[in-house]
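First comes the structure, then the notes that go with it.
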Amino acid sequence: MKTRYETLRRAALGLEPAADHGLALVIHRGLVAWMAVWAELEPAPAAAAAQSRVPAATAPELVQALTTLALGAIGG
């Protein structure tokens, strides 16, 4: 999660474009909500070995879909 946070921080500072909707989630719901979403998506290291992971090519679409659902819930 540290790498994802650093990417988010750079996007918030305008040092690089936002790669996903994480910055929008932080702006609208706060950093705690952003951390909760990633905690749900990233199982604990011990559990990760026992679970199948989302294919890397699918992960951005999954994040976008979850963010859209979350933002829709607060806007509707």
Side-chain angles (χ1 to χ4, degrees):
M1 186 178 304
K2 181 180 177 183
T3 302
R4 294 188 198 290
Y5 171 77
E6 289 301 324
T7 301
L8 174 71
R9 186 182 65 78
R10 286 190 302 275
L13 293 172
L15 300 175
E16 65 182 54
D20 55 33
H21 295 289
L23 184 56
L25 181 61
V26 170
I27 291 169
H28 291 283
R29 298 289 293 191
L31 188 59
V32 173
W34 178 85
M35 291 172 59
V37 168
W38 279 112
E40 290 288 322
L41 293 176
E42 292 184 346
Q51 297 178 0
S52 62
R53 293 206 172 244
V54 174
T58 306
E61 290 86 358
L62 179 59
V63 171
Q64 183 174 3
L66 290 173
T67 303
T68 300
L69 287 171
L71 292 176
I74 63 169

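Keep in mind that this is a model prediction, so the values were computed, not measured.
- Note that the OG1 atom of Thr7 and the NZ atom of Lys2 stand 12.0 Å from one another [nearest 0.5 Å].
- Closest approach of Leu25 to Trp34, counting heavy atoms only: CD2-CA, 3.7 Å.
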Let me see the working for Val37 and Arg29 under side-chain contact (heavy atoms from CB on, under 4.5 Å), right down to the final yes or no.
CA-CA 11 Å; Val37 168; Arg29 298 289 293 191; over 6 Å; no
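- A distance of 11.0 Å separates NE2 in His21 from NE2 in His28, rounded to the nearest 0.5 Å.
- You'll find the side chain of Leu66 reaches within 4.5 Å of the side chain of Leu41, heavy atoms only.
- To the nearest 0.5 Å, atoms CG (Leu13) and CG (Leu23) are separated by 10.0 Å.
- Closest non-hydrogen pair, Ala24 versus Leu71, comes out as CB-CD1, 4.1 Å.
- The shortest distance between side-chain heavy atoms of Leu31 and Leu8 falls below 4.5 Å.
- Both the sub-6.0 Å distance and the 45° axial angle are satisfied by Arg4 relative to the ring of Trp38.
- Under the rule for a side chain to side chain donor-acceptor pair (under 3.5 Å), Thr67 has no partner lying at least two apart in sequence or in another chain.
- Among all heavy-atom pairs drawn from Ala18 and Ala11, the shortest one is CA-CB, 3.9 Å.
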